[in-house]
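Naming: A, B, ... by sequence-line order, numbering from 1 per chain. Below, each value reflects all heavy atoms present in this structure, side chains not excepted, and no hydrogens, waters or symmetry copies.
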Number of protein chains: 2
Amino acid sequence: MVSRHISKRLLNYRSALVQLKKMGFDYVFSKTIGEETGVSSDVVRKDFSNMEIRGKRKVGYKVDDLITKLDEMFGKTCCFEIIVVGIGNIGKALTKYENYLSDRIKIKAGFDINPSRINVDNKIPILHFDEVETFVKENDIKVAVVTVPEISAQLVCNKLVECGIKGILNFAPVMLKVPDDVFVKNISFADEITRVFYHAKVN
Amino acid sequence: MVSRHISKRLLNYRSALVQLKKMGFDYVFSKTIGEETGVSSDVVRKDFSNMEIRGKRKVGYKVDDLITKLDEMFGKTCCFEIIVVGIGNIGKALTKYENYLSDRIKIKAGFDINPSRINVDNKIPILHFDEVETFVKENDIKVAVVTVPEISAQLVCNKLVECGIKGILNFAPVMLKVPDDVFVKNISFADEITRVFYHAKVN
DNA sequence: TAGATTGTTAATCGATTAACAATC
DNA sequence: TAGATTGTTAATCGATTAACAATC
């Protein structure tokens, strides 16, 4: 199990590799991958070395092998089944344009408490949040995206944990509190923008 | 200038502090802030010490002082003026529900190349991307959010840099290449979800 | 062969954690 | 006073960078 820090970098490699493959590369140098993902070639080689991937001197690394290895590590195609809780603007955007999330991720349903948002006939059905427990258990869902307002985020989160959810991607601007065996990644748009201003030094 | 790593933590403190203030706290212990943001009290004290914020033994830190100090550091209210480029699902969600972004951030305009999406009468005007240069220069915009498809992201980015944009929050699943004096933060929904699966160990 | 590239080991750097003195 | 809390210094840990041997 690699750290969060490294998992991020490895997934950057993966998307660069998919792109390079599309461009016709069979083999790539650590230097190329580094340039595409903004790290030095040393880091790339170190990471591959740790993953027990070998390259060939003067030839580079086989693109297909790298992608296969990364997929083994992060899980095969099509096992990323998730639900989206909170069908406001962001939640709606996610459920509407599913391909945004790549063909490897499947949104099985959306949930909301507002009856006007419910739509069982939708390509991705939007159900009432009261049904979340049944749905999660029947479909063996383990990961949820939370896009509810700040005020209800912790309550929604508690319910999801109770249903057996083990991973949460949270867009509500609160840091959710969860038991040790649940993983949460919080993303706050406001904070990210604030940080862009700060690091771009335009304040 | 603190590292990216630390800027994130400091903004977590800020939102916890705003919340605590609303709850009636005038003073808080490092321990409380730590609990709210998922770090140890030692880290909190160390960070405050580095920022030259002093607390009182047995009393804690003054909430208002902390918020003021953090705001000084990250910029005062209302100077976060941005544009959103690409009015697809995510871009539309951002421009529609601006308050999501907190009252400190102001979206001045949206841009797209699709004429059907253009709407100058909107509360947040949606303009043609051809007008971006004029707009950015006239309004002295320094930060942009990019929510265009992968295929056009780098081209859009190049144009923005040419216009004088210094900070970009990018939701397209490519790592944008920019000159050294431009700061980019890439967020890939697909990668974030994949990482949640990985770290939640549900694969 | 010379140059380029991998892959490993050692050195450096930065961030976190631990320890503890100061004192309210 | 004893206990709780701050704030600093030292120790540890992990990640990055540098150095370099191996070899295609």
Side-chain angles (χ1 to χ4, degrees), chain A residues 1-13 16-17 20 25-70 73 175 180 183 186 195 198-199, chain B residues 1-13 16-17 20 25-70 73 175 180 183 186 195 198-199:
Chain A
M1 192 85 190
V2 303
S3 70
R4 298 192 199 191
H5 203 200
I6 294 176
S7 71
K8 188 162 198 171
R9 201 163 58 210
L10 298 181
L11 285 169
N12 287 343
Y13 297 159
L17 287 162
L20 289 163
F25 284 88
D26 288 328
Y27 286 84
V28 281
F29 298 133
S30 56
K31 189 155 175 278
T32 312
I33 301 176
E35 279 161 5
E36 291 301 313
T37 54
V39 298
S40 73
S41 63
D42 306 68
V43 170
V44 176
R45 286 204 306 284
K46 194 99 203 279
D47 285 336
F48 290 168
S49 176
N50 289 146
M51 292 173 74
E52 287 167 354
I53 297 169
R54 308 289 148 202
K56 288 184 197 158
R57 285 179 178 81
K58 307 267 282 164
V59 176
Y61 297 84
K62 191 160 195 228
V63 176
D64 282 335
D65 286 356
L66 289 171
I67 294 175
T68 305
K69 192 84 182 185
L70 286 163
M73 183 170 167
M175 302 211 52
D180 282 346
F183 178 88
N186 298 291
R195 289 173 70 219
Y198 179 76
H199 292 289
Chain B
M1 193 85 188
V2 302
S3 71
R4 297 193 200 191
H5 202 198
I6 294 177
S7 71
K8 189 163 197 170
R9 202 164 57 210
L10 297 182
L11 285 169
N12 287 343
Y13 296 160
L17 287 163
L20 290 163
F25 284 87
D26 289 327
Y27 285 85
V28 281
F29 298 132
S30 57
K31 191 155 175 275
T32 311
I33 300 176
E35 279 162 6
E36 291 301 313
T37 55
V39 300
S40 73
S41 63
D42 306 67
V43 171
V44 176
R45 286 204 306 282
K46 194 97 200 282
D47 286 336
F48 289 167
S49 175
N50 290 146
M51 292 174 75
E52 289 168 353
I53 296 168
R54 308 288 148 201
K56 288 185 200 156
R57 285 177 177 82
K58 306 267 284 166
V59 176
Y61 296 84
K62 192 164 194 220
V63 176
D64 282 335
D65 286 356
L66 289 171
I67 295 175
T68 304
K69 191 86 182 185
L70 287 163
M73 182 169 170
M175 301 210 50
D180 282 346
F183 178 88
N186 297 291
R195 290 173 70 220
Y198 178 76
H199 293 289

The dot-bracket string of DNA chain C, counting Watson-Crick and G-U wobble pairs with both distances under 3.5 Å, using [ ] for crossing pairs and | for pairs to another strand, is ..||||||||||||||||||||||
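Residues from residues 46-68 of chain A lying near DNA chain D, meaning a heavy-atom separation below 4.0 Å, are A/Lys46, A/Arg57, A/Lys58 in numerical order.
Here the C1' atom of nucleotide D/dC13 and the NE2 atom of A/His5 are 15 Å apart, to the nearest Å. Rounded to whole angstrom, the span from the CG atom of A/Leu10 across to the C1' atom of D/dT16 amounts to 15 Å. For the pair A/Arg9 CZ and D/dA15 P, the computed distance is 9 Å after rounding to whole Å. When the C1' atom of C/dA15 is taken as reference, atom NZ of B/Lys8 falls 16 Å away, rounded to whole Å. Rounded to whole Å, the distance from CZ on B/Phe29 to C1' on D/dG3 is 12 Å. Distance CZ (A/Arg4) to P (C/dT16): 12 Å, rounded to an integer number of Å. Put simply, CZ on B/Arg45 is 14 Å from P on D/dT9, counting in whole angstrom units. In this structure, CG of A/Asp42 is placed 13 Å from C1' of C/dT9, rounded to the nearest angstrom.
Contact check for B/Arg4 versus A/Arg195: side-chain heavy atoms found under the 4.5 Å cut-off.
DNA chain D is contacted by both B/Val28 and A/Ser3; B/Val28 maps to the nucleotide lying nearer its 5′ end (nearest heavy atom per residue).
When heavy atoms are screened at a 4.0 angstrom cut-off, B/Ser41 is found touching no nucleic acid atom at all.
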